[in-house]
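Accompanying notes for the structure given below.
No hydrogens, no waters, no symmetry mates; every other heavy atom, side chains included, goes into these values.
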Amino acid sequence: MSTTASPVVVTPGRRLGVEQEYEAGTGTYVRNGVIYSSILGTKTISGDEGSDDAKATVSVERSNTKFAIPVIGSDILGRVVRMNPRAASVAIMMVGSTPCQEDFQGVVRVQDIRATEKDLVQMIESFRPGDIIRAEVISLGDQRSYYLATVKNEHGVVFAQSTDGNSMVPISWEEMQDPKTLVVERRKCAKTF
């Protein structure tokens, strides 16, 4: 039995491989022949070394060793789950580099998206449901959710899928492009490191 040497932390919706190469294991799902992560955790690939015809199994395992709670000033990684013209609801998946064991909810208000031209910001041109964003916790908010902000350059959308389901790449600070169809969609993109 062999396993990958270096652990890779993956988020839900992250592409892990294709069915022609791997079998889908725990913590994954298959859509149109592509294997995706269904949970936040560590990607592992295992299979029989002696067998030539058997496919390796790709799976995602949760790490239960650390416990993360968002605090004011901490950076989070989350998935946009709902939107309205004034705010976007975010499911917080990671605090810093530590996966969350519990479900935390956050809200990015329209005035907390950009530092300048706040009156011109439109929510639909900044995020879409399903986008993975990096944000900062600015307030503990109400009883249901944390208030988040993406005003810094390193905050914003880090992963998005086009309407065709393809992973998009940033081409400017406010646009992402589908490399297959070349369709451009507006987002508030995070500065890459």
Side-chain angles (χ1 to χ4, degrees), residues 6-15 27 36-43 60-161 167-176 185-193:
S6 63
V8 177
V9 176
V10 295
T11 56
R14 179 77 182 256
R15 182 183 168 155
Y36 295 96
S37 170
S38 64
I39 60 173
L40 179 69
T42 306
K43 173 184 173 181
V60 179
E61 298 174 2
R62 289 186 194 259
S63 172
N64 296 330
T65 57
K66 297 179 181 177
F67 187 71
I69 297 176
V71 294
I72 295 174
S74 61
D75 283 350
I76 64 96
L77 199 65
R79 176 185 295 274
V80 177
V81 290
R82 282 183 305 280
M83 289 178 46
N84 64 45
R86 295 182 316 247
S89 297
V90 177
I92 298 173
M93 301 182 297
M94 294 181 81
V95 177
S97 60
T98 307
C100 295
Q101 291 181 339
E102 294 184 27
D103 292 335
F104 295 108
Q105 295 297 315
V107 173
V108 180
R109 299 173 298 181
V110 72
Q111 65 264 30
D112 296 327
I113 294 175
R114 291 210 169 95
T116 60
E117 299 179 346
K118 292 182 180 188
D119 54 337
L120 299 177
V121 174
Q122 292 187 12
M123 188 61 68
I124 196 68
E125 292 184 352
S126 301
F127 309 117
R128 303 273 170 90
D131 288 355
I132 304 297
I133 66 167
R134 183 182 299 120
E136 179 181 7
V137 178
I138 58 170
S139 171
L140 298 181
D142 54 20
Q143 293 179 350
R144 292 182 303 255
S145 58
Y146 293 89
Y147 285 133
L148 309 173
T150 60
V151 296
K152 294 181 180 176
N153 288 339
E154 60 268 15
H155 296 149
V157 177
V158 294
F159 175 79
Q161 288 186 325
S167 296
M168 300 182 75
V169 294
I171 57 173
S172 73
W173 64 276
E174 61 180 5
E175 292 179 329
M176 295 186 96
E185 295 181 13
R186 294 180 62 85
R187 299 285 203 284
K188 196 289 186 183
C189 300
K191 179 181 176 184
T192 56
F193 292 102

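- Here the closest heavy-atom approach between residue I133 and residue V80 is recorded as CG2-CG2, 4.0 Å.
- The shortest side-chain heavy-atom distance between K43 and R14 does not fall under the 4.5 Å cut-off.
- In terms of heavy atoms, L148 sits closest to G106 at CD1-CA, 3.9 Å.
- Side chains of V95 and C100 form a contact here, defined as non-hydrogen atoms less than 4.5 Å apart.
- Salt-bridge check for D131 with R128: failed, with every basic side-chain N at 4.0 Å or more from each acidic carboxylate O.
- R114 pairs by the side chain to side chain donor-acceptor pair (under 3.5 Å) definition with nothing, not counting sequence neighbours.
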side-chain contact (heavy atoms from CB on, under 4.5 Å) assessment of W173 paired with N153: CA-CA 8 Å; W173 64 276; N153 288 339; over 6 Å; no
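- Partners of R186 according to the side chain to side chain donor-acceptor pair (under 3.5 Å) rule, which considers only residues two or more places apart in sequence or in another chain, are E125, E174.
- The CD1 atom of I113 sits 14.0 Å away from atom NE2 of H155, with the distance rounded to the nearest 0.5 Å.
- A search for ring-ring contact (aromatic ring centres under 6.0 Å, His included) contacts involving Y147 returns nothing, not counting sequence neighbours.
- Side-chain contact check for V121 versus S126: some heavy-atom pair is nearer than 4.5 Å.
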Report all side-chain donor-acceptor pairs from residues 83-90 shorter than 3.5 Å, counting only partners two or more places apart or in another chain.
residue, atom, partner, partner atom, Å
N84, OD1, R86, N, 2.8
N84, OD1, A87, N, 2.8

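- Contact of the Y146 side chain with the L140 side chain is registered, since non-hydrogen atoms from C-beta on lie closer than 4.5 Å.
- Interatomic distance, M93 CE to I39 CD1, rounded to the nearest 0.5 Å: 12.0 Å.
- I72 contributes atom CD1, which lies 9.0 Å from atom CD1 of I138 (distance to the nearest 0.5 angstrom).
- The backbone N or O of V151 sits nowhere less than 3.5 Å from a side-chain atom of K188 that would complete a donor-acceptor pair.
- Atoms CZ and CD1, on R79 and I92 in that order, are 14.0 Å from each other to the nearest 0.5 Å.
- Once rounded to the nearest 0.5 Å, the distance linking CD1 of I171 with CZ of R187 reads 11.5 Å.
- Between the side chain of T150 and the main chain of A135, no donor-acceptor pair closer than 3.5 Å is present.
- Put simply, the side chain of V137 does not reach to within 4.5 Å of the side chain of V71, judged on heavy atoms.
- Looking at residues two or more places apart in sequence or on another chain, you find a side-chain contact (heavy atoms from CB on, under 4.5 Å) between L77 and T11, M94, I132, R134, V158.
- With sequence neighbours left out, the salt bridge (Lys or Arg N to Asp or Glu O under 4.0 Å) criterion links D75 to no other residue.
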